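Side chains included, hydrogens not; waters and symmetry mates left out as well; all remaining heavy atoms used. Just so it is clear, the structure is predicted and the values come from calculations on it, not from any experiment.
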Amino acid sequence: MRTTSLKTIYITEKELKQALASWIELEHKDAGLAAHLAENECDMSWSQDGKEFIISMDGEFVEGGVKEDE
């Protein structure tokens, strides 16, 4: 991350993923989802109305860490 004299913050995709994974783990107490985000490719964008930030992650994520057939 770097800043300019106008206080513009430049953050890389890797830094953003790391920040989001940390936020998910700390604020939502979901270490599994945080790890999934950190370990998988993702696409990030703003919704059409600009009110939500959308993260689409690759890979299979199982809630609670247990597959349904187990």
Side-chain angles (χ1 to χ4, degrees):
M1 183 175 86
R2 65 184 174 98
T3 59
T4 67
S5 59
L6 297 174
K7 302 303 181 233
T8 301
I9 298 174
Y10 294 87
I11 189 167
T12 67
E13 182 178 343
K14 182 179 178 180
E15 291 168 327
L16 181 57
K17 274 182 67 171
Q18 182 180 21
L20 290 168
S22 295
W23 177 77
I24 290 168
E25 188 168 1
L26 293 172
E27 293 294 320
H28 295 278
K29 309 295 188 248
D30 195 336
L33 184 58
H36 184 78
L37 173 60
E39 295 169 0
N40 289 279
E41 294 292 320
C42 66
D43 291 317
M44 296 179 262
S45 62
W46 285 99
S47 61
Q48 287 185 348
D49 60 8
K51 294 182 180 181
E52 296 175 312
F53 191 67
I54 302 167
I55 305 164
S56 300
M57 292 175 265
D58 288 343
E60 181 180 355
F61 179 74
V62 180
E63 291 289 330
V66 179
K67 290 185 179 182
E68 290 181 15
D69 60 343
E70 291 182 352

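Residues passing the side-chain contact (heavy atoms from CB on, under 4.5 Å) test with S45, sequence neighbours excluded: I54.
A 4.5 Å side-chain heavy-atom check between E15 and T12 finds at least one atom pair inside the cut-off. Within the 4.5 Å cutoff, the side chain of W23 has heavy atoms near those of the H28 side chain.
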Solution key, residues 33-44 side-chain donor-acceptor pairs under 3.5 Å, sequence neighbours excluded:
residue: H36; atom: ND1; partner: N40; partner atom: ND2; Å: 3.2
residue: H36; atom: NE2; partner: D58; partner atom: O; Å: 3.0
residue: N40; atom: ND2; partner: H36; partner atom: O; Å: 2.8

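Separation of atoms NZ (K17) and CG (L20) is listed at 10.0 Å; rounding is to 0.5 Å. Here the CD-CD distance, from E25 to E27, works out to 11.5 Å after rounding to the nearest 0.5 Å.
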